[in-house]
Amino acid sequence: MKERYEFKEIEQRWQKEWKDAKAFKVTEDPNKKKYYVLEMFPYPSGKLHMGHVRNYSIGDVVARFKKMQGFNVLHPMGYDAFGLPAENAAIKNGVEPAKWTYENMAEMTAQLQQMGLSYDWDRELATCTPEYYKWMQWIFIQFYKKGLAYKKDNPVNWCPSCQTVLANEQVVDGCCERCKTPVTKKELSQWYFKITDYAERLLDNLDKLPGWPDKVKIMQRNWIGKSHGANVDFQIDGTDKVMTVYTTRCDTLFGCTYMVMAPEHPYVKELVAGTEYEAPVLAYIERCQHMNEIERTATTNEKTGEFIGRYAINPVNGKKVPIYISDYVLMGYGTGAIMAVPAHDQRDFDFAKKFGLDIIPVVDPGDPSIDLYNLTEAFEAEGTMINSEQFNGMNNYESIPKMIEWLGERNLAEATINYKLRDWLISRQRYWGTPIPMIYCEDCGWQPEKEENLPVMLPTDVEFTGKGESPITTSKTFVNTVCPCCGKPAKREVDTMDTFLDSSWYFLRYCDAHNDKEAFAKDKVDYWMNVDQYIGGVEHAILHLMYARFFNMALYDLGLVDTEEPFQNLLTQGMVTKGYTDDKGEYKVAKMSKSLGNVVSPHEIIDKYGADTARMFILFAAPPERELEWSDAGVEGSYRFLGRVYRMVYNFVEEFGNGELATTGSSKADEELLFTLHTTIKRVTDDIDKRFNFNTAISAIMELVNAMYKYKDGEVNAPLFRYALKMLITLLAPFVPHICSEMWEHMGFEGSVHDEAWPAYDESAMQRSTVEIVVQINGKVKARMDVDPEMDRDALGEFAMADEQIKALLEGKNVMKVIAVPGKLVNIVAK
RNA sequence: GCCGGAGUGGCGGAAUUGGCAGACGCGCCGGACUUAAAAUCCGGUGGGGGAAACCUCGUACCGGUUCGAGCCCGGUCUUCGGCACCA
């Protein structure tokens, strides 16, 4: 160890040592308690950004800490390597997607290794390798056989720029999640996963995940969107057709004054055929199809629609009400048709006002300021039933089950549950993804490829035009094959899988990353799963985290895994932001991004200060869930702190050399040092283990360092101070592993600090003979005194009252009450 | 519109169960070392008043509960995030 803190030399040396020794390689060990810590694997864009650094720094502290606590820690890393950017690079620069991806992965691996992360690199995986996607295809086939995968013609979300379909989850604000182009609808035959079969379990199990942030659970609950209601049948007048509507508000049935069908509703064309309404209705439908998602769903839009010339009969009172079509009714939810109650639903109210339809109130709010027969807006809350015959006078909410019962007895309705969650559209018209292992035969229909023929390899003889169909269509070798069923010529599916499938089970593959006989050995997965701590950005709260839960549940049902839920505890880290000046010269803070020019690259920080400093700063600047504002001055501070620790070790060894340790002391200063040391151990342990508050753990260590500097000014008990240094290095090791290895070695300690047991704190060293309490008068601090920590309530009160200073302050006042809290304070209430 | 966070010094943030508000770090001020600077070490640092002991105000705003509120309750404002015509 040199006099100066040469971080580059130190970091390179220890990184090489860890790599060569495979220091973090693990195998299943039934005698040891396992701990699986996982950070969301990156897309190999080529460069690490600060969000990655934050994510992996957090994970690395947890992994190293748990290892020191004696757990058998699985901490793997890999790449979510399929995806659009590789393909775009091919279109733009003519680089092969595979080449582009593998080069990026190599670059990122080098950058990850510069951070000193404790990964078991032997388990590294990339989803774009045939070794991985073979098993992806195998899982697809298992799902297919179980009836969880099906092909269907449907209007789908289409991104005109990416030239591919998107899952509902990938449409954000009506635009493509990736390129922000407004999404349009297109009728296509596509593969789906039946995630809706799991809606109820995905919802229920959220209650069994106390280690997940409420925010994420709420977002998933909203996304699943369970609602209780009823399907109610309305006879269409003059036909044998029944129009079934879904409603959560059966209480308002008597207020129904018209009906609305979605423009895509299959009855519509039939009902208008040959009538005077046909032309305008078809024109309206046409217009809707050409609208993109934004135009269609904009709430500010005025309501539009067309009367279809038909009437439905309200089952509760036999009244005839007109049927309209309007785009505010969605085909994909409920039955694609609604009963409209303008008095008690704002959307219906707006529509009724525009089209001059009746508004009949059936729920009385009991508020004289509301003129029921001249409503200015819909009344949607609780009230008393009116205009509803035998239900009049009831509370409207209480009448709902009664109404459903009444209708049920007459076979007109049944209680129904609906979910907003839709089936997962997984086909993509792209090249760089896992080929869907399905074959179409004229005679046998869709058949899965034989398992022994997997993987269905991605062809390399393709052209990248960036237009229309999957580029795989251009392959001369891929499409034509034989039917696995009858052996006749057949054609392969040319679409690939959504890359979210790849990332829905990678955590299982890590348990047995190079198995070429099966996706993963069950005993290995049973040993490691589930993930004890998962860490990643909150942007995956719905997409990835719900898909992965669905996959794990389906695999559980297939008997392939033993746990239903894949992630026991989840930590969603906040964004890394930085200040910048916008066009108008205003100072703002936002997520680091190239377009705003507020990016700091990890590489430049590691180059200037080292990985330990980068890790320390990023963990110290904010608690992990919160947004972290980058500060160059703050980095400087972390660097200074490490220098301070380094010098303390270096100077101590210069002066006292290496030698024996003492865990007890004799002087008052010794005791004080031991007190600080042990309270620090406790604070740091709790902060990492129970709270994930690395920022306060680090500040506690900083306080210890300050206390040690103070101690060094007096008489130094060298064996005791040496012990304190040993503990200090141990506490710091999960945060800043390189410098700690270096200091550990310099002090002549055995082995590696990273194999040390995490220190235990000694309660007795944390006991003090006296404790300072404060004495308040009327809640204001007036005095401090040292007392025996054991002193009870009454004695404490008397002791405080006996104090001369307090007596003087109470002169001429009436003591009303004395509240004493042992070990903390006394509050005297006086007038 | 609905759902969920957050609001504390000049700044990032502490305060773990209702009990000393501002830990720790940054910045700033002063001192030591130095020919000088950097680096380092030591001290100070919420506002107002005071020579000082000390007094007083202070956790977005208004009100409440309590001996005691940054923390609990009611209301308001600001701000960030998610969802959004889901019947």
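Being a predicted model, the structure only gives us computed values, none of them experimental. Letters A, B, ... mirror the listed sequences (proteins, then strands); counts begin at 1.
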So which protein N/O to nucleotides 2-5 of chain B N/O distances come out below 3.5 Å?
none

Could you go over nucleotides 42-46 of chain B and give all protein N or O partners under 3.5 Å, atom names and distances?
none

*If you find the nucleotide of RNA chain B closest to A:Ala621 and the one closest to A:Val538, which residue's nucleotide is nearer the 5' end?*
A:Ala621
*Apply ring pair (Phe, Tyr, Trp, His ring centres under 6.0 Å) to A:Tyr711 and list each qualifying residue two or more places apart in sequence or on a separate chain.*
A:Phe721
*Protein-nucleotide distance (A:Ile698, atom CD1; B:A14, atom P), rounded to Å*: 12 Å
_Going by the rule salt bridge (charged side-chain N to carboxylate O under 4.0 Å, His left out), which residues pair with A:Lys817 if we only count those two or more places apart in sequence or in a different chain?_
none
*A:Tyr333 vs B:A87: side-chain N/O to OP1/OP2 distance below 4.0 Å*: yes
Strictly under 3.5 Å: I want the nitrogen or oxygen pairs between protein and nucleotides 63-71 of chain B, one per line.
| unit_1 | atom_1 | unit_2 | atom_2 | d |
| --- | --- | --- | --- | --- |
| B:C67 | OP1 | A:Lys817 | NZ | 3.3 |
| B:C67 | O2' | A:Asn827 | ND2 | 3.4 |
| B:C67 | O2 | A:Asn827 | ND2 | 2.6 |

*So, A:Phe620 versus A:Phe735, ring centres under 6.0 angstrom or not?*
no
*Where the side chain of A:Ile542 is concerned, which of B:U16, B:C83, B:C20 is the nearest nucleotide?*
B:C83
*By side chain to side chain contact (heavy atoms under 4.5 Å, CB included), which residues pair with A:Phe7, not counting sequence neighbours?*
A:Tyr5, A:Glu11, A:Tyr639
*A:Lys782 near the nucleic acid: base, sugar-phosphate alone, or nothing, with a heavy-atom cut-off under 4.0 Å?*
sugar-phosphate
_Identity of whatever pairs with B:C20 - Watson-Crick or G-U, under 3.5 angstrom_ = none
*Look through every strand shown and name the nucleotide pairing with B:A87 as Watson-Crick or G-U wobble, where both distances are under 3.5 Å.*
none
*Distance, C1' atom - from B:U17 to B:C71, rounded to whole angstrom*: 11 Å
*How far does the P atom of B:G63 sit from the matching atom of B:C26, given to the nearest Å?*
40 Å
*Given side chains that start at C-beta, do those of A:Thr577 and A:Met592 come closer than 4.5 Å, heavy atoms only?*
no
_If we check side chain to side chain contact (heavy atoms under 4.5 Å, CB included) with A:Ile58, which of these qualifies: A:Ile618, A:Val53, A:Leu571?_
A:Leu571
_Spacing of A:Tyr5 atom OH relative to B:A39 atom P, expressed in whole Å_ = 18 Å
_For A:Trp212 against A:Gln220, the heavy-atom pair lying closest together_ = CZ3-NE2, 3.9 Å
*List in chain and number order the residues that pass side chain to side chain contact (heavy atoms under 4.5 Å, CB included) with A:Pro315, two or more places apart in sequence or in another chain; answer none if no residue qualifies.*
A:Val232, A:Phe234, A:Leu407, A:Leu412
Can you pull every protein N or O that's under 3.5 Å from an N or O on nucleotides 27-33 of chain B?
| unit_1 | atom_1 | unit_2 | atom_2 | d |
| --- | --- | --- | --- | --- |
| B:G27 | OP2 | A:Arg640 | NH2 | 3.1 |

*A:Met219, nearest nucleotide to its side chain (from B:C24, B:U16, B:G82)*: B:G82
*Nearest of B:A87, B:G19, B:A14 to any side-chain atom of A:Asn695?*
B:A14
*Tell me, please, which residues at least two apart from A:Glu625 pass salt bridge (charged side-chain N to carboxylate O under 4.0 Å, His left out).*
none
*What residues form a salt bridge (charged side-chain N to carboxylate O under 4.0 Å, His left out) with A:Asp345, not counting sequence neighbours?*
A:Arg347
*Given B:A87, B:C41, B:G13, the nucleotide with the shortest approach to the side chain of A:Arg647*: B:C41
*Of all the nucleotides listed (B:A87, B:C57, B:G12), which has the minimum atom distance to the side chain of A:Lys780?*
B:C57
*Inter-nucleotide P distance (B:G31, B:G13), Å rounded*: 33 Å
*For atom C1', what is the distance between B:U79 and B:U40, given to the nearest Å?*
42 Å
*Using both distances under 3.5 Å as the test, list the Watson-Crick or G-U wobble partner of B:A32, or none.*
B:U40
*With rounding to whole Å, what would you report as the distance between B:C61 and B:G9 at their P atoms?*
10 Å
*Counting distance only, does the side-chain N/O of A:Asp423 pair as donor-acceptor with the main-chain N or O of A:Ile195 below 3.5 Å?*
yes
*Is the shortest heavy-atom distance from the side chain of A:Leu203 to the side chain of A:Arg221 under 4.5 Å?*
yes
_How many whole angstroms separate atom OH of A:Tyr419 from atom P of B:A87?_
13 Å
*Using a cut-off of 4.0 Å on non-hydrogen atoms, how would the nucleic acid contact of A:Lys824 be classed: base, sugar-phosphate, or nothing?*
sugar-phosphate
*Chi-based syn or anti call at B:G9, which uses purine or pyrimidine torsion atoms and a 90° bound*: syn
*For B:A14, does OP1 or OP2 lie under 4.0 Å from any side-chain N or O of A:Arg626?*
yes
*Is any side-chain heavy atom of A:Leu796 less than 4.5 Å from a side-chain heavy atom of A:Asp792?*
no
_By the 4.0 Å heavy-atom rule, please label A:Gly225 as base, sugar-phosphate, or nothing._
nothing
*Using purine N1 to pyrimidine N3 plus N6-O4 or O6-N4 for Watson-Crick, or N1-O2 and O6-N3 for G-U wobble, each under 3.5 Å, what pairs with B:G74?*
B:C62
*Contacts of type ring pair (Phe, Tyr, Trp, His ring centres under 6.0 Å), residue A:Trp630, not counting sequence neighbours*: A:Phe617
*Counting any heavy atom closer than 4.0 Å, what does A:Arg4 reach on the DNA or RNA strands: base, sugar-phosphate only, or nothing?*
nothing
*Please give the nucleotide sitting opposite B:C11 as a Watson-Crick or G-U wobble pair, both distances under 3.5 Å, or none.*
B:G25
*Can you name the residues that form a ring pair (Phe, Tyr, Trp, His ring centres under 6.0 Å) with A:Tyr761, not counting sequence neighbours?*
none
*Could you give the distance separating B:C24 and B:A32 at their C1' atoms, to the nearest angstrom?*
25 Å
*asked:* Would you say A:Tyr328 and A:Asp350 are linked by a side-chain donor-acceptor pair, where the criterion is simply a distance under 3.5 Å?
replied: no
_For B:A69, the Watson-Crick or wobble partner whose two distances fall under 3.5 Å_ = none
*What is the pairing partner of B:A53, taking Watson-Crick or G-U wobble pairs with both distances under 3.5 Å in any strand?*
none
*Under a 3.5 Å cut-off for both distances, is B:U79 Watson-Crick or wobble paired, and to whom?*
B:G5
*Base, sugar-phosphate, or nothing: which does A:Ser631 touch, judged by heavy atoms less than 4.0 Å apart?*
nothing
_Side-chain heavy atoms of A:Met50 within contact of A:Leu628, under 4.5 Å_ = no
*Sugar-phosphate only, base, or nothing, as touched by A:Asn418 at under 4.0 Å among non-hydrogen atoms*: nothing
*Tell me yes or no: between the side chains of A:Thr696 and A:Asp687, is some donor less than 3.5 Å from an acceptor?*
yes
_B:G19 to B:C72 separation - C1' atoms, rounded to the nearest Å_ = 14 Å
*With a 4.0 Å cut-off on heavy atoms, is A:Ser227 in touch with a base, just the backbone sugar-phosphate, or nothing at all?*
sugar-phosphate
*Is any side-chain N or O of A:Arg221 closer than 4.0 Å to OP1 or OP2 of B:C83?*
no
_Between B:U78 and B:C67, how many Å separate the two P atoms, rounded to a whole number?_
35 Å
